[in-house]
Amino acid sequence: MKCRLLAGLLGGALLLGGTVGCGIPENTGVQVDGPGPAAEGGSTSGSRGEPPSRSAGGTDAEQFVKNFLSAAAGEPDRSYQRVLQFITPTDRDRLQVKQGSEVALAVVRLTEEPVIIEAPDRTEVTLKVQQVGQLRTDGTLAPPETSTTTYTFELRSQPGQEGRTEGGLYVANPPTALLLSVEALRTYYQSRTIYFWNNDRTRLVPDQRYLPLAVPDERQVSEVVKWLTAGPSAWLNTGVSRLPDGTRLINNATRTDGRWEVDLEMPEGKARLEQFGTQLAWSLSDLNGPLEIKIRNQSQEFIPDLERRRQDRPVHQLAESPQRFCVYEGAIHPLAYAGEPSGPVPVDARANRNVVSAGLSRANDQVLAALVVTDADRQWLSVGTGTGPVTAFTRSARSYAAIGRPVWLRSTYRGQQPAGLVVADGSLHRFDAQAGLTPVPLGVTGVVTAVAASLDGHRIAVIAGGALYVAALSPDGTGVAPGPARRLHTRLTSLSAVDWYGENNLVLAGAVGRPAVYEVSVDGARENPLEDKIGTRVTHLAAYPANAVGRLAAAMYEANGVAYRSSPFERIQPEQVQEVPSSTGARAGNPTAPFFLY
């Protein structure tokens, strides 16, 4: 027998779609993951995005297995038909064919290179996988429904066609699930971002979906509208609002003379229709020009230009470029880099002492400051707000052995008292402007070691019990509370820090054999190494997230008491620390706990 390893699939698991760049250029264009301009009504995209047929790999077992893990890709109503073509006729009844919304693809990540063992009468294939999620017909990647880590099946030729290229191979004793590799998800689907209003309809919240490339251009607008009318991904359900009950698309969206028309069944209400127009404009961020919304074929909302609507109603309120800061010799100091803004520390010098880490944020004309300060080997949270340098601070009522980096929640900036989240002694807490800490139940087991808040302020990422989770935030009467946490499955182990790197991306510190920092999609499907040559565990991580108003992502981290910044990742030198009194002489210490203010 001959044993061969199938190469290539594992490497493809690292990439899914475009990678968000690092750095903070002064002016950048809006970064959009989406299709090109939609075609006029009646056009077609032909077989674009269709996975290879069964016979495409001929008698090459390696290529055949790769194609088999792509067969289910494409429009869901034909997924079973495509997969069944790969299976021997006598074994096709092993698959229980499902219809409509019940169709779901098991997205898997190969944890080892597949093993193919060839014998005279058959070829055995063993796949070692990590279950990533269930790709559903609405484009959502739901949590996996099984914990299966090994699949074994056989490859056979049809009797009388052994060795013939035109005969090809078939799968015998197939898996009972429709498997889709993360490489196939990258190749045959487009990652799309749609938006839902938060519960009080004051801010748009991103929601990630996957659209098959095989969907014709003229149907893409209709698919997005159907996603919006069907509601958000399950894990976001508590943090956003749905469209009114009964809202549905009556006919497919059409484009005539350069204008898109969307006809809905929807309870009337001018304000709600105007908001839906903004929601739709951002969910179709690749489209420009006019769009008309009709209710039962009667025009109700006309958007003269979708791009103008997006400019007039930005999804994020970011007035200035971010600034970099760090902790140096127990105090917050600005960092200076060419081409980047640098300003004074917005914290009064009398409070800027004995600092371990900090979280600063801008809210209109206010600066929100949360400092972790130390005294006699204990740590306190010190919180203050103000229009200029923050002078008045309040300490937490009790001290802790260890407090993580505090983060402010942007969802509480409008008409509410500012609030944030922080990990203290292994538990998640909410804090207010008076440094009052309240435990926040997550509903997951294990010690909490890190928390991060998204740019919209309605989603958080948490590391608890060594695993990565995301959850939506919703008001609970006294602040905000997380909904059911969704676990993300990633190849990284020994997770130590996390932050948001984009609307639907996280930056995650852990290990893949050795310490590393990866970009990970909000559903865990995409993993992209940002820095994998770190010699020791990352203990602090902060990022500025790429966003829909044109800024690219950047990250900074600390490992073994040394701080680094991205673009490319390089050590932050003491000489880049500003506002250090010259009387101190030579700079002997290292910058630590770097963070962004925006």
Side-chain angles (χ1 to χ4, degrees), residues 34-50 74-79 81 99-103 136-140 189-190 192-197 204 207 209-233 240-310:
E40 297 287 344
S43 71
T44 180
S45 57
S47 59
R48 179 191 65 178
E50 290 287 346
E75 298 213 52
D77 60 348
R78 297 182 60 241
S79 292
Q81 177 184 344
Q99 304 290 338
S101 61
E102 293 184 349
V103 176
R136 302 195 176 279
T137 57
D138 61 359
T140 61
Y189 293 82
Q190 180 184 82
R192 297 289 302 242
T193 299
I194 62 174
Y195 295 84
F196 290 89
W197 289 101
L204 286 169
D207 187 6
R209 301 297 173 96
Y210 294 95
L211 182 70
L213 292 178
V215 172
D217 290 332
E218 65 270 18
R219 274 186 36 221
Q220 292 185 10
V221 173
S222 299
E223 292 300 311
V224 170
V225 175
K226 290 176 183 177
W227 289 345
L228 294 174
T229 58
S233 297
V240 299
S241 61
R242 292 172 171 266
L243 293 171
D245 289 344
T247 301
R248 65 180 182 87
L249 182 66
I250 295 178
N251 296 302
N252 281 336
T254 59
R255 192 182 188 193
T256 305
D257 297 329
R259 179 180 68 185
W260 280 98
E261 295 182 1
V262 175
D263 193 10
L264 298 173
E265 179 75 38
M266 181 180 180
E268 294 186 20
K270 185 63 179 176
R272 196 64 184 269
L273 270 175
E274 193 274 342
Q275 284 196 327
F276 176 70
T278 300
Q279 181 182 3
L280 188 57
W282 276 106
S283 300
L284 296 170
S285 58
D286 53 314
L287 294 186
N288 298 321
L291 182 143
E292 184 178 15
I293 301 175
K294 296 182 176 182
I295 304 298
R296 294 183 293 275
N297 207 33
Q298 299 297 313
S299 180
Q300 296 292 332
E301 172 76 6
F302 181 72
I303 302 175
D305 184 75
L306 289 166
E307 176 60 22
R308 172 56 61 182
R309 172 63 68 93
R310 292 189 288 267

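Residues: numbered from 1 along the sequence shown.
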Are [X] and [Y] close enough that some pair of their side-chain heavy atoms sits under 4.5 Å apart?
X	Y	result
Arg310	Asn288	yes
Arg219	Lys226	no
Gln190	Leu211	yes
Ile295	Leu273	yes

Nearest 0.5 Å, what's the [atom1]-[atom2] distance between [X] and [Y]?
X	Y	atom1	atom2	result
Leu213	Glu75	CG	CD	11.0 Å
Asp207	Ile194	CG	CD1	5.0 Å
Arg242	Phe196	CZ	CZ	7.5 Å
Thr278	Leu306	OG1	CG	10.0 Å
Leu228	Tyr195	CG	OH	11.5 Å
Gln220	Asp217	CD	CG	5.0 Å

Going by the rule side chain to side chain contact (heavy atoms under 4.5 Å, CB included), which residues pair with [X] if we only count those two or more places apart in sequence or in a different chain?
X	result
Glu261	Thr254, Arg259, Glu292, Lys294
Glu265	Arg248, Ile250, Arg296
Asp138	Arg136, Thr140, Arg209, Trp227
Thr137	Pro76, Ser101, Val103

Do Leu204 and Trp197 pass the side-chain contact (heavy atoms from CB on, under 4.5 Å) test, and can you show the C-alpha distance, the side-chain angles, and the key distance before you say yes or no?
-> CA-CA 5 Å; Leu204 286 169; Trp197 289 101; 3.6 Å; yes
To check you understand the geometry: which heavy-atom pair defines the closest contact between [X] and [Y], and what is its length?
X	Y	answer
Gly277	Arg309	C-NH1, 3.6 Å
Glu50	Ala214	OE2-CB, 3.8 Å
Ser222	Ala253	OG-N, 2.7 Å
Arg272	Leu243	NH2-CA, 3.7 Å

Keeping the roles fixed (side chain from [X], backbone from [Y]), state whether a donor-acceptor pair exists under 3.5 Å.
X	Y	answer
Tyr189	Gly74	yes
Asp263	Asn297	yes
Lys270	Glu301	no
Thr247	Met266	no

For Asp305, check side chain to side chain donor-acceptor pair (under 3.5 Å) against everything at least two apart and list the hits.
->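 Asp305 satisfies side chain to side chain donor-acceptor pair (under 3.5 Å) with no residue once adjacent residues are dropped.
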From the options Asn251, Leu284, Leu249, Asn252, select the one residue that forms a side chain to side chain contact (heavy atoms under 4.5 Å, CB included) with Val262.
->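 Output: one option passes, namely Leu249.
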Report the residues that fulfil salt bridge (Lys or Arg N to Asp or Glu O under 4.0 Å) with Arg308, sequence neighbours left out, ordered by chain and then residue number.
->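 Salt bridge (Lys or Arg N to Asp or Glu O under 4.0 Å) list for Arg308, sorted by chain: Asp312.
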